[in-house]
Amino acid sequence: MSMDIDLETIRQAFLVEAEEGLSAMEEALVALEARPDDREPLHEIFRTVHTLKGSAGMVGFDNVAEFAHLLEDALELFRSGEMHVTANHVTTLLQTVDALRGLLKGAAAGNTTHVRAADRALVARLVPGGEAAVAAPTGGAPVAAAGAGAPGEGARRRTLRVGMERLDALLNLTGETAVARGRLMQLLGQRRRAAGDDVVNAAEEVDRLFAELQEQVMRMRLVPLGPFFRQHVRTVRDTAALRGKVVRLVLEGEDVEVDASVVDHLRDPLTHMIRNAIDHGIELPAARRDAGKEPTGTIALRARHEGGTVVIELADDGAGLRRDRVLARARERGLVADGVELSDAEIHRLIMEPGFSTADRVSDLSGRGVGMDVVRRNVEALRGSIEIASRDGEGTTVTARLPLTVAIIDGFTVSVGDESYVIPLDAVTECLAMPADERRAGRCGVLSLRGEPLPYVRVRELFGLAGALPARENMVVVRHAGRLAGLVVDELLGGGQAVVKPLGKMFQRLPGVSGSTILGDGRVALILDVPDLLQRALDRDALPA
């Protein structure tokens, strides 16, 4: 009896595991540089290379296996104590990680036969005597010994890799079923007497089971932020070395979980933020000493849950943003008129304008004005918001607030005229009737809520909806980033789950709207962008004339 083996599927699984191993290897190398006498990071690096060598040989990536064998021989010199690890060695070893990534990419495309001379020379730099000490092995590609370098094998037997496209399809199907479920329960509620208690009870039981199923589907997509955060250990190390600075990275909240698609959207923005913090924020060691600081700068990467959102902060203890310099550059570009004074928040928003930069020259890290613009666009694409806080001489904190999931939300439905809108439920704090003395035409205003001023904006005026004011108006009080504002609507229709549908390209810049959804009766409703609307309520100049 023969068994067909899908080699391509095995190779794809190997490539995923190889990338995870290389990321762990980078983290261990940075730890080894900080603690050269600690043997455990060195052992972990050796195990990773040993496993990679054997697995690459088994899937036919002979050049990867050969290079890993060369690297393994060099690492054995450090493990045996014949050589002592230095910063230069760590730099070269990090370059071998890059070389392995290149070989894996080439092997995946069909180039599995050769190890480049440059890659051999890279390993030779680790070994006394040069290339002669790391000659190519004989007898073909080696295979890993059984059980060697494969920690956690028992745990892996109870896991299964599933492509994100399958999870996306499953989540989309779950969302569509949620709409059908809402419609069914609505119809049964209207015809409860005709349907009979047995039918209604059975439907409610199915509804309960489906809710549990949907929650499990959502949890399948959640991933901890720890591995994602640790990928940036090398970014900090390499960028700091390039600028002649000494920087340590502190991680907090590694166990916080978010949707996998959120991590994908954050990869580039977080890299930009870290590079900006090191390039523009953290001072050179001598300058830090003169300022009475430790010569080693600190970047803290934190994550926490806050309501129905996840908050990611990047804080540095550098020089902070130079308010006068940002304002001067904005005036040079015509973004701010002469004589106009801006608040700190307005100045910080300028930094995220396309093409804005305070750098005097273009370098490999900065000067083109694309970094923070990329950050803002990626965060807003996730229906999130970003804020910057800075104190001169003390550092800068960039805070991104993001939804836990990007596909299904708990929403609160309201109506204005003939239109329905959905407000994310985690942003709603309370609902109240508009006072009679506030019942007048107008886009915005301020009323007293338990003795505190509450700015509000009329959704009818904001979106230019026709029709007279109703006999009674209602207000939904929303909160974002610790600030409150009111959204004035006609009717409150109640809560329920909403399946988020992205807007088409023509409507992606629609102010105050972050997406759309299908209601239980089949009508389309827009999902309101609470951070944008709250900003419009707080800043009357942002409202359209």
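For the numbers below, each heavy atom of this structure counts, side chains included, while hydrogens, waters and symmetry mates do not.
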Heavy-atom side-chain proximity of Leu528 to Phe463 below 4.5 angstrom: yes
Inter-residue atom distance Leu22.CG - Gln231.CD, 0.5 Å rounding: 11.5 Å
Where Leu52 and Ala18 come nearest, the two heavy atoms and their spacing: CD1-CB, 3.8 Å
Got a second to check how far Leu103's CG is from Arg116's CZ, nearest 0.5 Å? 6.5 Å
Kindly determine whether Val478 and Leu487 satisfy side-chain contact (heavy atoms from CB on, under 4.5 Å), including the steps that lead there. CA-CA 7 Å; Val478 295; Leu487 302 179; 4.1 Å; yes
Taken to the nearest 0.5 Å, the spacing of Leu314 CG from Leu301 CG works out to 6.0 Å
Sidechain N-carboxylate O distance under 4.0 Å for Asp238, Arg234: yes
Answer yes or no: is there an ion pair linking Lys293 with Glu283, defined by an N-O contact shorter than 4.0 Å? yes
Within a radius of less than 6.0 Å around CG of Asp98, do more than 12 heavy atoms belonging to other residues, nucleotides or ligands occur? yes
Contact summary for Gly512 and Leu533, nearest pair of heavy atoms: CA-CD2, 3.8 Å
Heavy-atom count check: over 12 atoms from other residues, nucleotides or ligands less than 6.0 Å from Arg391 CZ? no
Is there a donor-acceptor pair closer than 3.5 Å between any side-chain N or O of Thr51 and the backbone N or O of Thr48? no
Between Arg248 and Thr296: side-chain donor-acceptor atoms closer than 3.5 Å: no
With a 3.5 Å distance limit and no angle check, can you tell me whether Lys245 reaches the backbone of Gly297 through a side-chain donor-acceptor pair? no
Could you measure the distance from the CG atom of Leu327 to the CZ atom of Arg322? Nearest 0.5 Å is fine. 12.5 Å
Walk me through whether Ile278 and Ile299 qualify under side-chain contact (heavy atoms from CB on, under 4.5 Å). CA-CA 8 Å; Ile278 297 173; Ile299 292 178; 3.5 Å; yes
Once you round to the nearest 0.5 Å, how far does CD of Glu72 lie from CD1 of Ile45? 13.0 Å
Side-chain donor-acceptor pair present, Arg302, Thr397, cut-off under 3.5 Å: no
Should the pair Arg289-Glu294 be classified as a salt bridge under the 4.0 Å nitrogen-to-oxygen rule? no
Under 3.5 Å side-chain donor-acceptor pair for Thr92 and His89: no
Check the pair Val258, Leu402 against side-chain contact (heavy atoms from CB on, under 4.5 Å), reporting the backbone distance first and the verdict last. CA-CA 9 Å; Val258 297; Leu402 302 159; over 6 Å; no
Val446 side chain reached by Tyr456 side chain, heavy atoms, under 4.5 Å: no
Identify the heavy atoms of Ala303 and Leu225 that sit nearest to each other, and give their distance. CB-CD1, 3.5 Å
If we only count heavy atoms from C-beta on, is the Val459 to Tyr421 side-chain gap below 4.5 Å? yes
Would you say the side chain of Leu93 lies within less than 4.5 Å of the side chain of Thr96, judging by non-hydrogen atoms? yes
Can you name the closest pair of heavy atoms from Val115 and Phe67 and give their distance? CG1-CD1, 3.9 Å
Are Phe78 and Phe46 an aromatic pair by the rule of ring centers under 6.0 Å? no
In terms of side-chain geometry, is the basic nitrogen of Arg288 or Asp317 positioned less than 4.0 Å from the acidic oxygen of its partner? yes
Do Met475 and Glu430 make a side-chain contact, defined as non-hydrogen atoms from C-beta onward lying under 4.5 Å apart? no
Without swapping roles, check the side chain of Asp410 against the backbone of Leu425 for a donor-acceptor pair under 3.5 Å. no
Report yes if the side chains of Leu71 and Leu126 come closer than 4.5 Å at any heavy-atom pair, otherwise no. yes
Exam field: side chain Arg479 to backbone Val428, donor-acceptor pair closer than 3.5 Å: no
Taking the basic N atoms (NZ, or NE/NH1/NH2) and the acidic carboxylate oxygens, is any pair closer than 4.0 Å for Glu26 and Arg237? no
Quick one: does Asp255's side chain get under 4.5 Å of Pro224's, heavy atoms only? no
Is there a salt bridge (Lys or Arg N to Asp or Glu O under 4.0 Å) between Arg101 and Glu19? Walk through the geometry before answering. CA-CA 8 Å; Arg101 282 199 174 100; Glu19 178 54 39; 3.0 Å; yes
Residue pair Asn378 / Pro269: nearest heavy atoms and the distance that separates them: CB-CG, 3.4 Å
Are Glu40 and Arg47 close enough for a salt bridge, meaning some N to O gap below 4.0 Å? yes
Stepwise, does the side-chain contact (heavy atoms from CB on, under 4.5 Å) test hold for Val513 with Asp529? CA-CA 5 Å; Val513 175; Asp529 185 345; 5.7 Å; no
Between CG of Leu32 and CE of Met25, what distance do you get to the nearest 0.5 Å? 10.5 Å
Could you report the tightest heavy-atom contact between Val85 and Pro36, atom names first, then the distance? O-CB, 3.9 Å
Going through the checks in order, is the salt bridge (Lys or Arg N to Asp or Glu O under 4.0 Å) test met by Arg304 and Glu252? CA-CA 8 Å; Arg304 67 178 184 275; Glu252 300 177 16; over 6 Å; no
Are the side chains of Ile312 and Thr399 in contact, using a 4.5 Å heavy-atom criterion? no
